[in-house]
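Note that the structure is a prediction, hence the values are computed from the model and not measured. Sequence lines set the chain letters: A, B, ... in the order given, protein chains first and strands last, and positions in each chain run from 1.
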Amino acid sequence: MTTTTPTTTSATAHDDLAASMRQIVDAHRSQPGALLPVLHALQDALGYLPPSAVPIVAEALNLSRAEVHGVLTFYHHFRTTPPGRHTVRICRAEACQSMGSAALEQHARRRLGIGFHDTTPDGALSLEPVYCLGNCACSPAVMVDGDLYGRVTAARLDALLSAIAVDTK
Amino acid sequence: MKVDVFVPRDAAALSLGAEAVALAVSTEAARRGLDVRLVRSGSRGLFWLEPLVEVATPAGRIAYGPVSADDVASLFDAGFLAGGGHALKQGLTEEIPYLKRQERLTFARVGITDPISLEDYLAHGGYRGLRNALDMTGAAIVQAVTDSGLRGRGGAAFPTGIKWNTVLGVPADRKYVVCNADEGDSGTFADRMIMEGDPFVLIEGMTIAGIAVGATQGYVYVRSEYPHAIATLNQAIALAYMHGYLGESVLRSGKTFQLEVRKAAGAYVCGEETAMLESIEGKRGMVRFKPPLPAIAGLFGKPTLINNVLSLAAVPIILDKGAAFYREYGMGRSRGTLPIQLAGNIRHGGLIETAFGITLHEVLYDFGGGAASGRPIRAVQVGGPLGAYLPESQFDTPIDYEAFAANWAVLGHGGVVVFDDTVDMAAMARFAMEFCAIESCGKCTPCRIGSTRGTEVIDRIVARIDHGKNVKLLRDLCDTMLNGSLCALGGMTPYPVLSALNHFPEDFGAEGAKVA
């Protein structure tokens, strides 16, 4: 799969991206109710849904660009800007709150210097809220990329963040 | 002699280091030249003991937990493969009181079998329900479900058999079965545990449902926050196809049932059944007006049977052991068992499947052992973010749909979230409104606008600005949301808000009450 940063401006890279997006769309377009599977496949490959994806998807599924835009902006999972190299999701739901997730959230904000829906300036990490990871008997819960963590204290979060920092150097 | 060692692959166990434990067990066994078969099971649901490692011995399975990777060498030193003594030894797993006191019907295999082993599933009673169903008429299968007394475990508690009968009775060229696995309620994880720990029971339940009502295509709509569940379910579905349990002719019966997983995209409102259908159709998850009921005109306009994971997962045992067997359990109009999920600030959080009728007090103290913090339990929220907060004076309420309704509370999907005495109930009420504002689909005004105005009014109440006037305004607003919203999101947000206000007025700066 091709990964492209938003700073890529050359025409060739642009064409390559469009071609790879068309390929992904074609692989998923034939099923009933294809739009969500198509958007998932694109985001899984690219990390986000760039603005140039909208007309490609719209044309392939015979939808208006407004319809595609409407759907991808409705769902919290889809993002239209590139994420950091790692994504940290902190659960904000009630069970995690009962075990101090609000303090954990504050700790993460202070340490990283960013808020929810932000990415650190070096592009290493995005911080996202999530409303339940289904790990409510082991609160507070955090997800780093696809990995779930339970009973996350400030110290445990620091260790996870340090591991990421080493990993991305 | 080869010894079976079980380490869970359940996401909650993984979140506490089960993967490293499994690796350490294999490495250590290899280093010592011991013949160990490592089985990655689901979780028993005793989360304070996770990662829970079990060893099969002639006397039964012996449990050790909570095990960290660093403990593994000492377990081998202690001879744990023969059930040797160790500080982490919990004895025979089945004798652990938390588990022994349960009545596990839906969760009978979870934590015991390898979830993606069809052989294990069959060896533990799997697919007997489907085989019985294939010898019955659709109407007879529906009758069995009706007679079992099963009610929708997603939260609405609608009689499952009546819903099935509606879909059965609508003639159509195509019908669907949709499993609602968009388990978004905080404090709930039973659907996830089934999908990760015994996915075949869900597949079997959906296949029986399809054959009963004449549906040939099924979808499982799973939330994107559950990557482990999606992966396990997909593996199990592939195996079911390979062995003829799904496909053009299920077990050569000539009856078709196709099944696929659809991944949601992080919208809580898509747990509402009509928003879920819109989402599967590839649209924004906007709630539909009812009627028509989805049972008559649902997915792609066709008759659609929609059930929660736990409802569908209860079906195989009903078809295997009979409606009367299932109906024996429970109290009043709440028949069978409910997988209760005990979560939040609790010492012994976990999965408690038991017949309806035990009290909330038993759940919190006999099973849960009180708050994890060691402080008094002040409030519990039952039924997810749209469920009421119950104060200690209501802890004697039995787990029963009608008993909860009589207390202006809901049992919902069976999630119980515990808070100790440090909780600020006005903040929890505000959060309920905030959550509703974030997750509202925007179709109806009471939910879309009311939720945002709700947070503002609560802010003014807490700041003691026109206190009496704003409390009245909040009650008015809740009345509008309760009666004027299109679906349960706006319609039930008043449950946590008003229950917090009614039971804990002191947190809202009430006159004469202590202000924390």
Which atom of A/Leu36 lies closest to which atom of B/Lys263, heavy atoms considered = CD2-O, 4.2 Å

List the atom of A/Cys136, the atom of B/Ala343, and the distance in Å for their closest heavy-atom pair.
-> O-CB, 3.1 Å

What part of A/Val71 is in contact with chain B, defined as an atom under 4.5 angstrom from a non-hydrogen atom: side chain, backbone, both or neither?
-> both

May I ask you to check whether over 12 heavy atoms, not counting those of A/Arg111, lie within 6.0 Å of atom CZ?
-> yes

Of all heavy-atom pairs linking B/Ala265 and A/Tyr75, the shortest is O-CB, 3.3 Å

Side-chain donor or acceptor of B/Arg284 paired with backbone N/O of A/Gly70 under 3.5 Å = yes

Okay, B/Asp420 and chain A: the region with an atom under 4.5 Å from a heavy atom over there is neither

For B/Glu281, is it the side chain, the backbone, both, or neither that has a heavy atom closer than 4.5 Å to a heavy atom of chain A?
-> backbone

Write down the atom of B/Ser224, the atom of A/His40, and the distance for their closest heavy-atom approach.
-> CB-CE1, 4.5 Å

May I ask you to check whether over 12 heavy atoms, not counting those of A/Asp15, lie within 6.0 Å of atom CG?
-> yes

Apply side chain to side chain contact (heavy atoms under 4.5 Å, CB included) to B/Glu225 and A/Arg89, showing your working.
-> CA-CA 10 Å; B/Glu225 293 87 344; A/Arg89 292 185 173 83; over 6 Å; no

Side-chain (B/Ser186) to main-chain (A/Ala95) donor-acceptor, under 3.5 angstrom = yes

For B/Arg223 and A/Cys132, run side chain to side chain contact (heavy atoms under 4.5 Å, CB included): C-alpha distance rounded to whole Å, both residues' side-chain angles, the deciding distance at 0.1 Å, then the answer.
-> CA-CA 10 Å; B/Arg223 52 203 306 261; A/Cys132 199; 4.1 Å; yes

More than 12 heavy atoms of other residues, nucleotides or ligands under 6.0 Å from CD of A/Glu59: is that the case?
-> no

Looking only at heavy atoms, which two atoms of B/Tyr389 and A/Glu94 are closest? And how far apart?
-> OH-CG, 3.8 Å

Give, as side chain, backbone, both or neither, the part of A/Arg156 having an atom under 4.5 angstrom from any heavy atom of chain B.
-> side chain

Quick one: of B/Ser279, B/Pro227, B/Cys270, B/Ala267, who has the most non-hydrogen atom pairs under 4.5 Å with chain A?
-> B/Ser279

For A/Pro37, is it the side chain, the backbone, both, or neither that has a heavy atom closer than 4.5 Å to a heavy atom of chain B?
-> side chain

Checked B/Gly344, B/Gly415, B/Ser15, B/Gly349 vs chain A; the most non-hydrogen pairs under 4.5 Å come from B/Ser15

For residues A/Tyr131 and B/Phe435, establish whether the separation of their ring centroids is below 6.0 Å.
-> yes

Side chain to side chain contact (heavy atoms under 4.5 Å, CB included) between A/Phe74 and B/Cys441: does it pass, once the steps are laid out?
-> CA-CA 8 Å; A/Phe74 179 87; B/Cys441 84; 4.1 Å; yes

Here the pair of heavy atoms bringing A/Ala137 nearest to B/Phe47 is CB-CD1, 3.6 Å

Top residue by heavy-atom pair count (under 4.5 Å) with chain A, among B/Gln341, B/Glu183, B/Glu439, B/Glu50?
-> B/Glu439

Most chain A-contacting option - heavy-atom pairs closer than 4.5 Å, from B/Pro385, B/Ala229, B/Gly350, B/Gly384 | B/Pro385

Chain A interface, residue from B/Ala372, B/Gly17, B/Ser373, B/Ala264 that has the most non-hydrogen pairs under 4.5 Å = B/Ala264

Before giving the answer on side chain to side chain contact (heavy atoms under 4.5 Å, CB included), spell out for A/His76 and B/Ile438 the whole-Å C-alpha distance, their side-chain angles and the decisive distance to 0.1 Å.
-> CA-CA 10 Å; A/His76 301 306; B/Ile438 293 168; 4.0 Å; yes

Within a reach of under 6.0 Å around NE2 of A/His69, are more than 12 heavy atoms found that belong to other residues, nucleotides or ligands?
-> no

